[in-house]
2 protein chains.
Amino acid sequence: MKLTTRGRYAVTAMLDLAIHGDTQPITLADISQRQEISLSYLEQLFSKLRREDLVRSIRGPGGGYQLARGFETIFVAQIIDAVDESIDATNCQGRGDCNHGEVCLTHHLWQDLSDQIHGFLSGISLEDLVKRGGFRASSYMAGIVDAQPLTIRDQ
Amino acid sequence: MKLTTRGRYAVTAMLDLAIHGDTQPITLADISQRQEISLSYLEQLFSKLRREDLVRSIRGPGGGYQLARGFETIFVAQIIDAVDESIDATNCQGRGDCNHGEVCLTHHLWQDLSDQIHGFLSGISLEDLVKRGGFRASSYMAGIVDAQPLTIRDQ
DNA sequence: GTAATACCCGACTAGTTTAGTCAAGAATTA
DNA sequence: TAATTCTTGACTAAACTAGTCGGGTATTAC
């Protein structure tokens, strides 16, 4: 799990799509204007989002992008994973030989933290983001923790 | 909150210090050898750790570094904050004018996520890391969630 | 006092990533 | 057939990472 501005751009753009794209396809030019993200950069991002089947594209006049499925089934973690190729939180690519052939001191800490963040963002859907007024995460965060206990997930 | 290998190095080094430095000061050369981190790079990191009063330095032969206080009062979040100057998770540096003078769509999401991660890591002390066999984070994470409810913190 | 030890500090750097730009092309509709 | 919109790939400036290098300064032991 990697968290950069690229992931933020992608989630913002997908959220724009979820808000405005319920009926007709939305052009990247529209998203670019509304969200102040460069068009060419959006093209790069949507290329990846399409490959991951998060959006559908329609060419030609009247075309644009649509969510590939219902916004209640698209989660923040999926969007971020699609555009931010996830680096290993660990140093040894999970081999466990980071320190003289042994597991390094903090290996598990980073692995688990990474899983935690991923689990957290896997619980927030575009629907959640659309429906909460002002898009504050605080309110549903409590709910998420109740709903899915913080155990370690196998990514 | 920013999570890079620099933060990982710093936590690893501090953990080494917590494990080996209970009686005499530990030299960076020792840590460098044990943890396979370049000496010069460690010097940079410890310069920051010292400025944040997480370690004490003793010069001259027999000198080295010690934890500045008990390992039960030093938390992972503090270490990472000391070496990874925290970038804003938001795009507008908290001004809230990220989109045409208004708050951007995902502003709060990132702010809250950042706070969440920070909260997690603020609950893990060096003592926790030293005492758990194998340093697995999973076990005490559940405890942390019980202990400090996931409300939004003012950083 | 002088040599060795160890921290201290700033300048520099190769490589990678980020956040783009630019140009050409392909599909679709009017 | 022209306009629209997605599609793709090559390129790039700036920033960041993970270091190296070279010279300090404080302290201790002899």
Side-chain angles (χ1 to χ4, degrees), chain A residues 1-13 17 20-21 24-33 35-68 80 83-89 91 98, chain B residues 2-13 17 20-21 24-33 35-68 80 83-89 91 98 104:
Chain A
M1 198 84 219
K2 190 168 147 193
L3 297 170
T4 68
T5 53
R6 179 155 68 238
R8 187 162 67 234
Y9 281 150
V11 174
T12 303
L17 211 53
H20 297 99
Q24 77 284 63
I26 301 297
T27 69
L28 292 188
D30 283 351
I31 300 178
S32 170
Q33 270 209 321
Q35 306 305 330
E36 294 186 318
I37 305 172
S38 109
L39 178 60
S40 302
Y41 202 43
L42 276 177
E43 285 174 346
Q44 277 181 47
L45 296 180
F46 273 76
S47 158
K48 295 183 176 190
L49 293 172
R50 196 171 59 89
R51 255 174 252 148
E52 296 294 319
D53 267 321
L54 293 172
V55 296
R56 232 193 330 261
S57 65
I58 296 152
R59 290 192 184 194
Y65 282 96
Q66 288 177 318
L67 297 183
I80 292 178
V83 299
D84 273 334
E85 43 281 335
S86 76
I87 46 160
D88 246 305
N91 214 359
C98 10
Chain B
K2 190 169 149 192
L3 298 169
T4 70
T5 52
R6 179 156 68 238
R8 187 162 67 233
Y9 281 150
V11 174
T12 303
L17 210 55
H20 297 99
Q24 77 283 63
I26 301 295
T27 68
L28 292 189
D30 284 351
I31 299 178
S32 170
Q33 271 209 320
Q35 306 304 331
E36 295 187 316
I37 306 171
S38 107
L39 178 60
S40 302
Y41 201 43
L42 276 177
E43 285 176 346
Q44 276 181 47
L45 297 180
F46 272 76
S47 157
K48 294 183 178 189
L49 293 172
R50 196 173 56 91
R51 259 174 248 146
E52 296 295 318
D53 267 321
L54 293 171
V55 297
R56 233 195 329 262
S57 66
I58 296 150
R59 291 196 183 192
Y65 283 95
Q66 286 176 318
L67 296 182
I80 292 178
V83 299
D84 273 334
E85 43 282 334
S86 75
I87 45 159
D88 246 304
N91 214 359
C98 6
C104 66

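Proteins come first, then strands; the chains are lettered A, B, ... in the order of their sequence lines, and each starts at number 1.
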Spacing of [X] atom [atom1] relative to [N] atom [atom2], expressed in whole Å:
X       : N      : atom1 : atom2 : result
A/Glu36 : C/dG20 : CD    : C1'   : 15 Å
B/Ile37 : D/dT17 : CD1   : C1'   : 14 Å
A/Leu49 : D/dC6  : CG    : P     : 13 Å
A/Lys48 : C/dT17 : NZ    : C1'   : 11 Å
A/Glu43 : C/dA23 : CD    : P     : 14 Å
B/Leu45 : D/dT20 : CG    : P     : 12 Å
B/Tyr41 : C/dG15 : OH    : C1'   : 13 Å
A/Leu42 : D/dT7  : CG    : C1'   : 14 Å

If you compare every side-chain N and O of [X] against the phosphate oxygens of [N] (OP1, OP2), does one of them come in below 4.0 Å?
X       : N      : result
A/Arg50 : D/dT8  : yes
A/Ser38 : C/dT21 : yes
B/Tyr9  : D/dG19 : yes

If you look at every strand shown and take non-hydrogen atoms under 4.0 Å, does B/Ile26 touch a base, only sugar-phosphate, or nothing?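 Sugar-phosphate, backbone atoms only, no base.
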How is B/Ser40 classified with respect to the nucleic acid when contacts are heavy atoms under 4.0 Å: base, sugar-phosphate, or nothing?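 The residue B/Ser40 makes base contact.
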So, do B/Tyr65 and B/Leu42 sit near enough that their side-chain heavy atoms are less than 4.5 Å apart?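 Not touching, per the 4.5 Å side-chain cut-off.
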Validation row: A/Tyr9, A/Gln35 side chains within 4.5 angstrom (heavy atoms):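 No, every pair of side-chain atoms sits at 4.5 Å or beyond.
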Kindly write out the residues that satisfy side-chain hydrogen bond (donor to acceptor under 3.5 Å, both in side chains) with B/Thr4, not counting sequence neighbours, or none if the list is empty.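 B/Thr4 satisfies side-chain hydrogen bond (donor to acceptor under 3.5 Å, both in side chains) with B/Asp84 once adjacent residues are dropped.
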Under 4.0 Å, heavy atom to any atom of DNA chain C: which of residues 56-64 of chain B qualify?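 Going residue by residue through residues 56-64 of chain B, the ones with a heavy atom under 4.0 Å of DNA chain C turn out to be B/Ser57, B/Ile58, B/Arg59, B/Gly60, B/Pro61, B/Gly62, B/Gly63, B/Gly64.
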Can you list the residues that meet the side-chain contact (heavy atoms from CB on, under 4.5 Å) rule with [X], with sequence neighbours excluded?
X       : result
B/Asp30 : B/Ile26, B/Thr27, B/Arg34
A/Gln66 : A/Pro25, A/Arg56, A/Ile58
A/Ser47 : A/Arg51
B/Glu52 : B/Leu54, B/Ala82

Closest listed nucleotide, where the reference is the side chain of B/Thr4 and the choices are D/dT17, D/dC6, C/dG20: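 So the side chain of B/Thr4 is nearest to D/dT17.
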Nearest-nucleotide wise, let me know which of A/Gln44 and A/Tyr65 is further upstream toward the 5' end of DNA chain D.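 In this pair, the answer is A/Tyr65.
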